[in-house]
Chemist: 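Shown below is the structure under consideration.
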Amino acid sequence: MNQTVVNTTNAFRPKSEALQLLIDRGFMHQTTDLEALDAKMVEGPITAYAGFDATADSLHVGHLLPLMAMRWMQKLGHKPILLVGGGTTRIGDPSFRTESRPMLDDTQIAHNLAGISKTVERLFDLSEGEGRIVNNAEWLDEFRFLEFLRDFGSNFTVNRMLTFDSVRSRLEAQQPLTVLEFCYMMLQAVDFVELSKRFDCSLQIGGSDQWGNIVNGVDLGRRAGKQLFGLTLPLLTTAGGSKMGKTAQGAVWLNSDRLTVFGFWQFWRNTADADVARFMKLFTDLPLSEINRLAELKGAEMNEAKKILATQVTGIVHGLDAAQSAMEQGEALFAGNVESSEPTHVMPLARLATRIGLLELMVDTGFANSNSEARRLVRSGAVRINNTLVMEEDRAISEGDISAGDRLVIAVGKRRKALIAFK
RNA sequence: GGAGGAGUGCCCGAGUGGCUAAAGGGGACGGACUGUAAAUCCGUUGGCUAAGCCUACGUUGGUUCGAAUCCAACCUCCUCCA
């Protein structure tokens, strides 16, 4: 892999506070030339970037890992650049995917960028000189084909591009890989170099699946006379061994219009015991000493630690007030005092007048993806209204189900509950 | 350019004219047990205005009373030959 040095982080003790913290909290997977990076970071603040494709109008928990890593960088004096792939989204990163991503048009991309920015703005200080959001369409849109080939084409060999896992896996899976997608890695490399020219950015942070793309950028930088660095994050799995962040209802979104704040809080509240400490290190700002203390909790006491985890993460993503309120909703729904808490869902009173069906309500609150799924859940004895088991699939919700003025509690299974207010 | 093989549900993977909404496994969800945990056991796992109907086995057509299964063309991939 040319002169790119790959370090494992076992032995090395960096002098940089930020690097040490990233290692201690479990963010570090691989880096290029760790010692040189450390030296540079000790010398003074550096600028680092992480990229996000604009494939949806919200980021999800999978993106939270690079966001948190970048956030620590900023807290410890470095400058973050959050790159949104307005340009690259039009192509689609083929990495480790068996199928092409759909191509999006400009209107959709603009819409998605706005949604993503909402989250980023909350997580970072984006004031002048502190941090910034950048859209790579700014330069990628400008390139003319021949010019691009002349400037960058000679720095990439197909021989080497073919050796990257991201490409090979697609080839070995016998799935088509278009030239369009193949060129994605060039664009990401160009992004990195462009950011280094424009903002003196010298570090790229990304998921472990980005390693190949990142190294490409580092190598391209060297040819342009710049020393760039890459750092990848571990692939996150749950203690159960599955990929983190998937639920039956789909991705765990960071925007509240995609997933309620309470739903987000619940996701974290339901973390497995074995994951609590690790997730606290990665997804909260709690000091390690506090995390270690909480990790000592035994048995059912661990539930307290989970509430802290949930409220901390929710606080970072949705704000402290919203997180506090989500925690109270959790207490209310699971302890049973329905009157005092904010509802998790609000529905127009008119829905009640037309006798909304139970199945419909389950779909509307996101507990089921289809009427069929809702029906199955009712049949299997999973659904309770106001704590009373309901077995009739065609049950309609009426005023008799309402308590405390406008409240209705619906539970699906033991851990999914909603407090609905009809207003 | 020629010969042969392959493309199945969220994923892996059986099936080779009706008994197939499609075996089995994984994942996910639900139930029991618990602590809104793990492990274990049981169940469910395309949609709908639901004892009926609709959509699905790379794409488009065709044969047949009837096709994931047979035929043709096309797309993509693999292997061998040139």
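Any value given below was found using the heavy atoms of this structure, including those in side chains, with hydrogens, waters and symmetry copies removed. Order of the sequence lines fixes the chain letters, A, B, ..., with proteins taken first and strands second; residue numbering starts at 1 for each chain.
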Chemist: Write down the distance separating the P atoms in B:G66 and B:A73, rounded off to the nearest Å.
Modeler: 23 Å
Chemist: Write down the distance separating the P atoms in B:C77 and B:C71, rounded off to the nearest Å.
Modeler: 23 Å
Chemist: Identify the heavy atoms of A:Leu231 and A:Thr31 that sit nearest to each other, and give their distance.
Modeler: CG-CG2, 3.6 Å
Chemist: When the distance from CD of A:Gln329 to C1' of B:U36 is rounded to whole Å, what number comes out?
Modeler: 16 Å
Chemist: Expressed as a whole number of Å, how far does the C1' atom of B:G25 sit from that of B:U69?
Modeler: 23 Å
Chemist: What is the pairing partner of B:A6, taking Watson-Crick or G-U wobble pairs with both distances under 3.5 Å in any strand?
Modeler: B:U76
Chemist: Between A:Arg376 and A:Glu373, does any side-chain N to carboxylate O distance fall below 4.0 Å?
Modeler: no
Chemist: Could you work out which one of B:C29, B:G35, B:U34 sits closest to the side chain of A:Lys414?
Modeler: B:U34
Chemist: From CZ of A:Arg278 over to C1' of B:A37, roughly how many Å is that when rounded to an integer?
Modeler: 15 Å
Chemist: Mind calculating the distance between CD (A:Glu360) and C1' (B:G47) to the nearest angstrom?
Modeler: 17 Å
Chemist: Could you identify the nucleotide paired to B:U40, looking across every strand shown and requiring Watson-Crick or G-U wobble geometry with both distances under 3.5 Å?
Modeler: B:A32
Chemist: Quick check: on RNA chain B, is the nucleotide nearest A:Gly381 upstream (toward 5') of the one nearest A:Thr271, or the reverse? Name the residue that is more 5'.
Modeler: A:Gly381
Chemist: Identify each atom pair where a protein N or O and an N or O of nucleotides 48-51 of chain B are less than 3.5 Å apart, giving names and distance.
Modeler:
from	atom 1	to	atom 2	distance (Å)
B:C48	OP1	A:Asn371	N	3.0
B:C48	OP2	A:Ser372	N	2.7
B:C48	OP2	A:Ser372	OG	2.4
B:U49	OP2	A:Asn371	ND2	3.1
B:A50	N7	A:Arg375	NH2	3.4
B:A50	N6	A:Ser372	OG	3.0
B:A50	N6	A:Arg375	NE	3.1
B:A50	N1	A:Arg375	NE	3.2

Chemist: Let me know the distance between CG of A:Leu377 and P of B:C29, rounded to the nearest Å.
Modeler: 11 Å
Chemist: In whole Å, what separates the C1' atom of B:A50 from that of B:C41?
Modeler: 31 Å
Chemist: Taking only N and O in the side chain of A:Arg416, is any of them less than 4.0 Å away from OP1 or OP2 of B:G30?
Modeler: yes
Chemist: In whole Å, what separates the C1' atom of B:U8 from that of B:G52?
Modeler: 27 Å
Chemist: My understanding is that only one of A:Ile385, A:Leu352, A:Leu419 makes a side-chain contact (heavy atoms from CB on, under 4.5 Å) with A:Leu408; could you say which?
Modeler: A:Ile385
Chemist: Roughly, in whole Å, what's the span from CZ in A:Phe334 to C1' in B:U34?
Modeler: 15 Å
Chemist: Examine the side chains of A:Gln204 and A:Gln188 and answer whether a donor and an acceptor come within less than 3.5 Å of each other.
Modeler: yes
Chemist: With nearest nucleotides of RNA chain B determined for A:Gln266 and A:Val383 from heavy-atom distances, which residue corresponds to the more 5′ nucleotide?
Modeler: A:Val383
Chemist: Output the single nucleotide from B:G35, B:G31, B:A38 whose closest atom is nearest the side chain of A:Arg415.
Modeler: B:A38
Chemist: For A:Arg269 and B:G35, what is the distance between atoms CZ and P respectively, to the nearest whole Å?
Modeler: 12 Å
Chemist: Count the heavy atoms belonging to other residues, nucleotides or ligands that lie under 6.0 Å from CD of A:Glu17, then report whether that count exceeds 12.
Modeler: no
Chemist: For the pair A:Glu296 and A:Arg293, find out whether any cationic side-chain nitrogen is under 4.0 Å from an anionic carboxylate oxygen.
Modeler: no
Chemist: I'd like a list of close polar pairs between nucleotides 43-45 of chain B and the protein, N/O only, cut-off under 3.5 Å.
Modeler:
none

Chemist: What is the distance from CE of A:Met327 to P of B:U36, rounded to the nearest Å?
Modeler: 17 Å
Chemist: Would you indicate whether A:Glu147, at its atom CD, is surrounded by more than 12 heavy atoms from other residues, nucleotides or ligands within a distance under 6.0 Å?
Modeler: yes
Chemist: With C1' as the reference atom in both, quote the distance from B:G35 to B:G26 in angstrom, rounded to an integer.
Modeler: 27 Å
Chemist: Heavy atoms under 4.0 Å, any strand shown: does A:Lys306 hit a base, just sugar-phosphate, or nothing?
Modeler: base
